[in-house]
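Side-chain atoms are counted along with the backbone in the values below, which use heavy atoms only and exclude waters and symmetry mates.
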Amino acid sequence: MNRVLRLGVNIDHVATIRNARGGLHPDPVRAAKLAADSGADGITAHLREDRRHIADEDIGRLIQAVSLPLNLEMAATPEMVVVALRHKPHAVCIVPERREERTTEGGLDVVRYRENLRPMVAALVGAGIRVSMFVEPDLRQIDAAKDVGAPVVELHTGAYCDAVGDQHERQLARVVAAAAHAETLGLECHAGHGLTFDTVLPIAAIPTITELNIGHFLIGEAIFIGLEAAIRQMRRLMAEARA
């Protein structure tokens with residue numbers, strides 16, 4: 001089955017640039033609107049505990065100003081659950097978070113924290129929010145995501161994107177197997193982290209993956225070719241992979 005493959009554009013690092021100097025510019029909401037006009041299917045934003053890029057007020061503004069569904073990335077904390085239940089975004093992706101990391105390093109250990117995650121997932125799902133677990137392409141973690149009640153898993157593609165030589169194919173095989181396993185469990189499968197024009201084709205070609213979330217590369221590439229051109233090129237590559 002050749003499923004439609006959606007693209008979620010993460011606009012966090014527009015806010016990173018804004019926050020580096022303070023003030024209002026560049027505005028992540030403006031970037032989200034441009035992403036919508038350029039072919040994105042959704043907007044992703046990570047409200048980190050230290051608010052290093054997206055701020056609380058950005059979440060409300062994004063929901064009000066952009067017609068695309070918002071995917072809110074968040075840590076598994078009571079504070080973030082309260083934020084999500086207040087704003088009720090279309091989706092929430094629960095990710096691991098450490099203050100000292102530059103970006104999200106690896107997937108969430110759902111196996112280890114399943115008892116803490118289960119009531120959070122129940123509260124979010126009960127509010128009508130689509131919940132995903134951001135996990136390594138590890139079958140045990142996918143099983144645990146199913147066990148805690150999450151209807152979606154998002155596979156961390158960082159190891160695949162960083163791999164070289166024989167490791168590249170091995171890491172791709174892990175993603176393929178994980179996506180197939182999610183399908184057997186009835187879970188919707190997404191993927192993201194580190195994807196570029198050079199690495200997206202094999203991931204986009206995996207038929208059981210229905211959504212890619214890409215941010216840092218697109219915002220960086222926008223410096224050279226513009227955000228609209230970067231998004232449209234990524235869409236072209238995704239379509240080529242599924243053709």
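- No side-chain heavy atom of Glu73 sits under 4.5 Å from any side-chain heavy atom of Arg48.
- Between Asp41 and Val4, the closest side-chain pair of non-hydrogen atoms is not below 4.5 Å.
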Run the numbers on Leu212 and Leu5 for side-chain contact (heavy atoms from CB on, under 4.5 Å), then give the verdict. CA-CA 7 Å; Leu212 301 180; Leu5 180 60; 4.1 Å; yes
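- Every residue meeting the side chain to side chain contact (heavy atoms under 4.5 Å, CB included) condition with Ala159, not counting sequence neighbours, appears here in chain and number order: Gln171.
- Across all non-hydrogen atoms, the minimal contact from Val153 to Ala145 is CG1-CB, 3.5 Å.
- Asp27 and Arg61 are joined by a salt bridge, as a carboxylate oxygen and a charged side-chain nitrogen come within less than 4.0 angstrom of each other.
- Applying the salt bridge (Lys or Arg N to Asp or Glu O under 4.0 Å) test to residues at least two apart or on different chains, the pairs with a partner in residues 14-26 are Arg18-Asp58.
- Residues Cys189 and Glu154 fail the side-chain proximity criterion, which asks for heavy atoms closer than 4.5 Å.
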Mind running side-chain contact (heavy atoms from CB on, under 4.5 Å) on Asn10 and Asn213 for me, showing each step along the way? CA-CA 7 Å; Asn10 187 314; Asn213 285 295; 5.9 Å; no
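- The closest donor-acceptor contact from the side chain of Glu136 to the backbone of Leu108 lies at 3.5 Å or more, if one exists at all.
- Under the ring pair (Phe, Tyr, Trp, His ring centres under 6.0 Å) criterion, His90 pairs with no residue, sequence neighbours left out.
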Please tabulate, for side-chain N and O atoms in residues 217-231, each donor-acceptor pair with protein atoms closer than 3.5 Å (sequence neighbours left out).
| from | atom 1 | to | atom 2 | distance (Å) |
| --- | --- | --- | --- | --- |
| Glu228 | OE2 | Arg232 | NE | 3.1 |
| Glu228 | OE2 | Arg232 | NH2 | 3.4 |

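- Looking at Asp12, its side chain does come within 3.5 Å of a backbone N or O of His46 through a donor-acceptor pair.
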Assess the residue pair Glu49 and Thr77 against the criterion (side-chain contact (heavy atoms from CB on, under 4.5 Å)); give the C-alpha distance rounded to whole Å, side-chain angles, the decisive distance to 0.1 Å, and a yes or no. CA-CA 9 Å; Glu49 292 183 273; Thr77 67; 3.6 Å; yes
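- Between Pro26 and Val14, the shortest heavy-atom contact is CG-O, 3.6 Å.
- Using a 4.5 Å cut-off on side-chain heavy atoms (C-beta onward), Val95 and Cys93 make contact.
- In terms of the side chain to side chain contact (heavy atoms under 4.5 Å, CB included) criterion, residue partners of Glu169 (sequence neighbours excluded) are, by chain and number, Leu172.
- Considering every non-hydrogen atom in both Pro137 and Arg174, the closest pair reads O-NH2, 3.4 Å.
- Glu183 contributes no side-chain N or O that, together with a main-chain N or O of Thr208, makes up a donor-acceptor pair within less than 3.5 Å.
- At least one side-chain heavy atom of Leu47 sits less than 4.5 Å from a side-chain heavy atom of Leu72.
- Side-chain contact check for Leu124 versus Met74: some heavy-atom pair is nearer than 4.5 Å.
- Nearest approach of Pro202 to Ile206, heavy atoms of both residues: O-CG1, 3.4 Å.
- The salt bridge (charged side-chain N to carboxylate O under 4.0 Å, His left out) search around Arg6 returns Glu188, Glu211, not counting sequence neighbours.
- Contacts classified as ring pair (Phe, Tyr, Trp, His ring centres under 6.0 Å) and involving residues 164-190 (residues at least two apart or in different chains) are given here: Tyr160-His168.
- Partners of Thr157 by side-chain hydrogen bond (donor to acceptor under 3.5 Å, both in side chains), not counting sequence neighbours: none found.
- Remark: side-chain polar atoms of Asn19 are paired, donor with acceptor, to backbone N or O of Arg52 under 3.5 angstrom.
- The list of salt bridge (Lys or Arg N to Asp or Glu O under 4.0 Å) pairs with a residue in residues 74-96, not counting sequence neighbours, reads Arg51-Glu79.
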Show which side-chain atoms of residues 30-37 pair as donor or acceptor with protein atoms under 3.5 Å away, not counting sequence neighbours.
none

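- Legend: residues meeting salt bridge (charged side-chain N to carboxylate O under 4.0 Å, His left out) with Glu240, ordered by chain and number and at least two apart, are absent.
- Side-chain heavy atoms closer than 4.5 Å link hydrophobic residues (I, L, V, M, F, W, Y) into clusters, and following such links, even through other members, never connects Val111 to Val152.
- Aromatic ring orientation, His193 versus Phe134: tilted (interplanar angle from 30° to 60°).
- Legend: side-chain hydrogen bond (donor to acceptor under 3.5 Å, both in side chains) pairs involving residues 117-133, not counting sequence neighbours, sorted by first then second residue: Glu115-Arg118, Arg118-Asp147.
- Listed here is the closest heavy atom pair of Ile11 and Ala45: CD1-CB, 4.3 Å.
- Of all heavy-atom pairs spanning Leu139 and Ala178, the tightest one is CD2-CA, 3.9 Å.
- Rounding to the nearest 0.5 Å gives a distance of 5.0 Å between CD1 of Ile214 and CG of Leu195.
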Yes or no on side-chain contact (heavy atoms from CB on, under 4.5 Å) for Lys146 and Leu187, after CA distance, side-chain angles and deciding distance? CA-CA 7 Å; Lys146 173 73 172 182; Leu187 298 175; 3.9 Å; yes
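- Taking 4.5 Å as the limit, every side-chain heavy atom of Asn71 sits out of range of all side-chain heavy atoms of Val92.
- Taking the side chain as every heavy atom from C-beta outward, His156 and Val135 never approach each other to under 4.5 Å.
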